[in-house]
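Please read the structure below before turning to the comments.
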Amino acid sequence: MFIAQELRKKNIAEYLLYMWQVEDTIRAFGCSLSRIRHEYVERFDYSDEQKEEEIDWFGNLIRMMNQEGCREQGHLQINKVTLQMLIDLHRQLLESTKYPFYSAAYYKVLPFIVELRNRGANREENEIETCFNSLYGVMMLRLQKKDISPDTQHAVKEMSTFIGMLSDYYKKDREEGLKFD
């Protein structure tokens, strides 16, 4: 919860990737709050009060996962909404003539996105979702200490830069409001 709160303020893309990881962490513990409490939260260097807040947060997420039918796979509605906000902002930025650097970054990563979509099972997903799925997939491979090909590393580096730019625009839009044509 504390990490999520900080990331949401600083970098919406990192926040979303973190929340996907939290969903998978909950699944890894069988959606069991007592296991998360004893085997996960207890390891944190938090005060007792902070641990209780963290456990309450996990409990709410587990309840939502049960209600929304994503115990086994998929994403919580709150995470889907966050992704959709980024997709909407992406469209606005591309449609505007005021953000040529964003458009240039998008067209630079588009060949990677197309290639990944052609290889993947879901060819209909949005480009931004493809980027997030790729970034998350590589993050999981790194955590498992698995090899990542140089081509994939290059593609992910480019996508990461692009998504970072989108995240910066998201933050600026929230703080100051972006002007579109």
Side-chain angles (χ1 to χ4, degrees), residues 1-90 116 120-122 124-148 152-153 156-157 159-175:
M1 176 185 87
F2 301 108
I3 295 169
Q5 287 173 336
E6 279 304 304
L7 287 175
R8 187 163 181 91
K9 288 180 214 165
K10 291 182 186 174
N11 187 315
I12 196 70
E14 288 181 11
Y15 163 80
L16 187 57
L17 292 168
Y18 176 75
M19 289 304 296
W20 286 4
Q21 187 176 17
V22 167
E23 291 169 339
D24 281 345
T25 299
I26 290 169
R27 290 180 189 114
F29 286 103
C31 296
S32 166
L33 188 57
S34 77
R35 283 192 62 206
I36 290 170
R37 172 192 303 267
H38 298 296
E39 297 173 39
Y40 188 67
V41 175
E42 283 300 320
R43 292 200 236 154
F44 299 147
D45 188 24
Y46 289 161
S47 69
D48 289 343
E49 183 181 319
Q50 288 174 316
K51 286 179 183 177
E52 286 307 312
E53 284 181 60
E54 190 83 359
I55 290 162
D56 286 346
W57 182 66
F58 273 104
N60 286 329
L61 292 174
I62 291 168
R63 183 182 44 75
M64 290 188 298
M65 288 173 78
N66 286 327
Q67 290 172 344
E68 295 174 22
C70 57
R71 279 180 65 102
E72 303 296 321
Q73 63 181 15
H75 298 296
L76 286 166
Q77 193 61 36
I78 56 171
N79 296 331
K80 289 178 184 178
V81 168
T82 301
L83 180 62
Q84 189 58 52
M85 287 189 303
L86 289 168
I87 289 168
D88 293 344
L89 178 60
H90 165 71
L116 286 166
N122 189 356
E124 299 301 314
E125 75 185 7
N126 179 279
E127 294 102 339
I128 300 303
E129 191 171 358
T130 299
C131 289
F132 273 96
N133 283 330
S134 300
L135 293 172
Y136 187 74
V138 167
M139 186 174 87
M140 291 296 104
L141 290 173
R142 286 186 177 136
L143 286 172
Q144 297 167 20
K145 299 191 183 333
K146 293 191 176 173
D147 289 335
I148 301 160
T152 300
Q153 287 180 31
V156 166
K157 183 176 183 277
M159 280 188 265
S160 181
T161 300
F162 168 65
I163 292 297
M165 183 182 287
L166 177 60
S167 184
D168 290 345
Y169 277 122
Y170 177 88
K171 185 176 180 186
K172 184 173 177 137
D173 190 39
R174 291 288 177 251
E175 292 173 353

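- Judged purely by atom type and a 3.5 angstrom limit, E23 uses its side chain to pair as donor or acceptor with the backbone of L76.
- Electrostatic pairing of R27 and D24 counts as a salt bridge here, judged by a charged N lying under 4.0 Å from a carboxylate O.
- Around CD of E72, the count of heavy atoms belonging to other residues, nucleotides or ligands within 6.0 Å does not exceed 12.
- Panel note: side chain S167, backbone I163; no donor-acceptor pair is recorded below 3.5 Å.
- Residue V41 comes nearest to I55 through the heavy atom pair CG1-CG1, 4.0 Å, listed as atom of the first residue, atom of the second, then distance.
- From T152, atom OG1 reaches atom CG of L141 across 8.5 Å, with rounding to the nearest 0.5 Å.
- The shortest non-hydrogen separation linking I148 to Q153 is O-NE2, 2.8 Å.
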Evaluate side chain to side chain contact (heavy atoms under 4.5 Å, CB included) for Q5 paired with M1, printing each intermediate quantity in order.
CA-CA 6 Å; Q5 287 173 336; M1 176 185 87; 4.0 Å; yes
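- The two atoms that bring L116 and S134 nearest to each other are CD1-OG, 3.1 Å, heavy atoms only.
- Using a 30° and 60° split on the angle between ring planes, Y40 and F44 fall in the perpendicular class, above 60°.
- A heavy-atom distance below 4.5 Å is found between the side chains of N60 and R63.
- Distance check, rounded to the nearest 0.5 Å: CD of E54 to CD of E49 gives 13.0 Å.
- The environment of CD in E175 is crowded: more than 12 heavy-atom neighbours from other residues, nucleotides or ligands sit within 6.0 Å.
- For the pair E68 (side chain) and Q77 (backbone), a donor-acceptor distance under 3.5 Å is present.
- I128 CD1 to N133 CG: the interatomic distance, rounded to the nearest 0.5 Å, is 11.5 Å.
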Under the side chain to side chain contact (heavy atoms under 4.5 Å, CB included) rule, what do H90 and F162 come out as? Steps first, then yes or no, please.
CA-CA 11 Å; H90 165 71; F162 168 65; 3.8 Å; yes
Yes or no on side chain to side chain contact (heavy atoms under 4.5 Å, CB included) for M19 and L61, after CA distance, side-chain angles and deciding distance?
CA-CA 10 Å; M19 289 304 296; L61 292 174; 4.2 Å; yes
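- To the nearest 0.5 Å, the span separating NZ on K146 from CE on M140 amounts to 11.5 Å.
- Here the shortest heavy-atom pairing between L17 and M139 reads O-CE, 4.1 Å.
- Contact of the E52 side chain with the R37 side chain is registered, since non-hydrogen atoms from C-beta on lie closer than 4.5 Å.
- Classification of the Y136-W20 ring pair by plane angle, with boundaries at 30° and 60°, yields perpendicular.
- By the 4.5 Å heavy-atom criterion applied to side chains, N66 and R71 are counted as neighbours.
- Between the R35 side chain and the C31 main chain, no donor and acceptor come within less than 3.5 Å of each other.
- The two residues A4 and W57 have their closest heavy-atom pair at CB-CZ2, 3.9 Å.
- Once rounded to the nearest 0.5 Å, the distance linking CE of M159 with CG of L166 reads 14.0 Å.
- Here the CG atom belonging to D168 is positioned 10.0 Å from the NZ atom belonging to K172, to the nearest 0.5 angstrom.
- Aromatic pair F29/F58: ring centres not closer than 6.0 Å.
- At a threshold of 4.5 Å between non-hydrogen side-chain atoms, the residues M85 and I12 do not count as touching.
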